[in-house]
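A short write-up of the structure that comes next.
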Amino acid sequence: MKLSERSIRSKLKTRVVGSTIVILDSIDSTNERAWHEALTGAPEGTAIFAEEQTRGRGRFGRAWHAAKGQSLLVSILLRPDLEADQATLVTALGALAVIDACSEACGVEGKIRFPNDVMVGPRKLAGILVESRFVSTRADLFIIGIGLNVNEAEFPEDIRPLATSLAVETGKPWDRNLLAAALLQSLDSWYDKLAGHRADIVKAFKQRSAILRKRVEITEAGKVFVGRVDDLDVFQGITLRLDNGMMKQIKGEHVDMLRTL
Ligand code: BTN
């Protein structure tokens with residue numbers, strides 16, 4: 001079934017997220033469209049969904065491919081009152097919202113591969129791309145772009161061992177309208193916590209980590225580091241115990257690639 005604004009809205013009781021819902025058949029990138037909407041006066045909470053993207057983008061200029069009508073491709077516009085040094089909290093909100101929505105709607109338990117992939121075991125279920133604009137030291141605008149694999153039965157050969165979908169995990173297809181509503185609802189609840197319960201976000205982000213106390217390989221600015229993740233924090237990033245015993249701190253925005261070993 002196609003995405004429908006009426007169907008999503010009928011299941012929604014949000015404060016901010018989903019204030020306006022736009023469903024597009026095809027677009028270059030929902031993040032790109034969300035920027036355009038934001039800069040021409042769209043209200044906070046506007047959610048732009050598309051059935052298909054022709055130039056979906058991921059972190060570090062990578063492409064995001066998704067078969068038409070199978071997944072959720074959405075960008076949400078937020079304007080939190082936030083200091084620049086707190087901005088990584090917004091990335092965490094996206095990942096936490098995806099995890100809760102998939103757990104509540106489908107019983108699939110995802111984990112966060114720092115900083116913002118949602119994994120089921122070794123496979124990626126969702127990717128999150130947060131783009132932002134600042135005015136001086138204060139955040140002005142965030143676009144949270146989410147690509148969540150829902151009904152893909154299989155993936156192109158090159159990413160087959162690395163990707164999964166809710167249908168693959170559960171053996172059945174899911175109503176994307178229901179999931180879209182669950183996702184917006186969950187993001188709205190987490191967004192509420194930015195106002196006075198930031199510690200809850202920090203704690204949940206660590207608790208739902210896929211990499212804490214695991215051996216990983218991380219690429220940062222072209223250099224590869226191998227070690228054990230001793231600690232993890234939304235703001236400070238990964239505390240990596242390297243194989244030579246030295247400690248290394250790596251912030252989320254510098255993690256180019258990360259894989260568990
Ligand atoms: C990543 O894993 O690197 C992040 C992928 C983010 C993809 C989503 S799909 C909806 C939104 N629009 C985009 O162009 N990108 C994000």
Side-chain angles (χ1 to χ4, degrees), residues 3 8 17-18 21-39 42 45-78 87-88 90-99 101-102 110-120 122-133 141-152 155-156 158-166 176 179-180 183-184 186-187 210-211 218-220 251-260:
L3 289 172
I8 297 172
V17 178
I21 296 174
V22 178
I23 314 262
L24 302 164
D25 189 52
S26 183
I27 187 80
D28 49 0
S29 152
T30 55
N31 266 39
E32 198 57 39
R33 176 63 175 258
W35 275 110
H36 174 77
E37 297 291 329
L39 301 176
T46 295
I48 315 276
F49 288 86
E51 294 285 6
E52 174 188 59
Q53 293 184 128
T54 53
R55 273 210 309 276
R57 57 185 187 238
R59 294 178 70 231
F60 293 103
R62 292 190 276 256
W64 181 263
H65 299 289
K68 184 166 187 174
Q70 301 300 306
S71 62
L72 284 183
L73 306 166
V74 59
S75 299
I76 300 121
L77 187 175
L78 294 176
T88 48
V90 179
T91 301
L93 297 183
L96 291 169
V98 169
I99 289 176
C102 295
K111 291 255 171 80
I112 303 167
R113 181 173 66 184
F114 187 81
N116 51 2
D117 290 337
V118 176
M119 311 293 289
V120 181
R123 297 198 163 86
K124 183 160 163 173
L125 178 68
I128 294 147
L129 175 68
V130 177
E131 296 173 332
S132 52
R133 184 176 82 170
L141 181 62
F142 284 86
I143 306 289
I144 306 186
I146 299 173
L148 168 61
N149 301 329
V150 182
N151 286 332
E152 292 85 345
F155 291 89
D158 53 328
I159 59 163
R160 201 165 293 157
L162 308 172
T164 191
S165 69
L166 292 169
R176 288 181 306 135
L179 260 162
L183 183 58
L184 298 184
S186 167
L187 183 60
I211 63 161
I218 300 177
T219 311
E220 182 201 39
K251 292 211 172 181
E253 58 269 33
H254 301 141
V255 175
D256 182 358
M257 298 268 257
L258 187 154
R259 71 184 180 98
T260 39

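Indexing begins at 1, ligand by ligand and atom by atom, following the structure's order.
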Measuring from atom CZ of Arg59 to atom CE of Met257, what distance do you get when rounded to the nearest 0.5 angstrom? 11.0 Å

Specify the closest pair of heavy atoms between Gly94 and Ile128, including all atoms of both residues, with the distance to one decimal. C-CD1, 3.6 Å

Pocket residues of ligand 1, ordered first by chain and then by residue number (heavy-atom cut-off under 4.0 Å): Ser29, Thr30, Asn31, Gln53, Gly56, Arg57, Gly58, Arg59, Trp64, Leu73, Val74, Ser75, Asp117, Lys124, Gly127, Ile128, Leu129, Gly145, Ile146, Gly147

Rounded distance (nearest 0.5 Å) linking atom CZ of Arg62 with atom CG of Asp256: 5.5 Å

Trace of the salt bridge (charged side-chain N to carboxylate O under 4.0 Å, His left out) decision for Arg57 with Asp28: CA-CA 9 Å; Arg57 57 185 187 238; Asp28 49 0; over 6 Å; no

Within the structure provided, determine whether Ile112 and Leu96 are in side-chain contact (heavy-atom separation under 4.5 Å). yes

Validation row: Phe155, Asn149 side chains within 4.5 angstrom (heavy atoms): yes

